[in-house]
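Note that this is a predicted model, so its numbers are computed, not measured.
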Amino acid sequence: MSSDITVRLQGVEELKRVLARVPDKLRRKGLLKALRVSARLVRDDARLAAPVRQKPKLNRRPGTVKRAISIRTSKFARRAGDVGVFVSVRPLRGARQKRLGAAGANNPNDPYYWRFLEFGTRKLTARPFLRPASRKLPQVAEAFIVSATAEINRLNTGSE
């Protein structure tokens, strides 16, 4: 199943000109902030669409997946010298795991089962919430350009 998304962006040339005048460190900081601001549109839409269990069940709390949908910075983009963010379900790892208990099916705070909800299984019909949220990408791109231009202009005037 393939779906095409076409996005037409206006204002990219102006953004490029503004970016060329800003030091690298400030540019990354401003772009990251703009990416996070625009990614909130997708995150909020995914949270609205996320299925929530009506009654608590043994080892499952209502809203675990919904609360775990977050915006995270891309390590791969950072290592390449770029900036990037993605919207996904935050796994139970690290400090959260120490605070909330061992990860896995026996922990009501672990949203490991989000994949089953998103993509379905043989026995469970898919109830996607992240993929439909990606339909907001045209609005996200426009919000990013507006936010990035404003942030870069703010950083540019502050650095001189």
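Residues R72 and S88 bring a donor and an acceptor atom of their side chains to less than 3.5 Å of each other.
Although no hydrogens or angles enter the test, the distance criterion places no donor-acceptor pair under 3.5 Å between the side chain of Q139 and the main chain of L41. E118 places no side-chain N or O within 3.5 Å of a backbone atom of A126 that could act as its donor or acceptor partner. Counting only distance, with no hydrogens or angles, the side chain of R47 and the backbone of I69 share a donor-acceptor pair below 3.5 Å. For R67 (side chain) and P62 (main-chain N/O), a donor-acceptor pair under 3.5 Å exists by modelled atom type.
Separating the OG1 atom in T121 from the CZ atom in F116 is a distance of 7.5 Å, to the nearest 0.5 Å. The structure places CZ of R78 at 9.5 Å from CG of L32, a figure rounded to the nearest 0.5 Å. In this structure, the separation between CZ on R90 and CD1 on I71 is 11.0 Å, given to the nearest 0.5 Å. Rounded to the nearest 0.5 angstrom, D45 CG and R40 CZ are separated by 15.5 Å.
Between F144 and L31 there is a side-chain heavy-atom pair separated by less than 4.5 Å. Between R61 and T64 there is a side-chain heavy-atom pair separated by less than 4.5 Å. The shortest distance between side-chain heavy atoms of L117 and F129 falls below 4.5 Å.
Linking ILVMFWY side-chain heavy atoms closer than 4.5 Å, directly or via other members, places V52 and Y113 in two distinct hydrophobic clusters. Linking ILVMFWY residues whenever their side-chain heavy atoms come closer than 4.5 Å, directly or via other members, places L130 and V42 in the same cluster.
Taking each heavy atom of V87 and A39 in turn, the nearest pair found is CG2-O, 3.8 Å.
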Check step by step if side chain to side chain contact (heavy atoms under 4.5 Å, CB included) holds for T73 and R36.
CA-CA 9 Å; T73 305; R36 287 176 107 26; 4.2 Å; yes
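Residues meeting the salt bridge (charged side-chain N to carboxylate O under 4.0 Å, His left out) test with K33, sequence neighbours left out: E151.
Using the six-membered ring where Trp is involved, W114 and F119 have ring planes that are tilted, between 30° and 60° apart.
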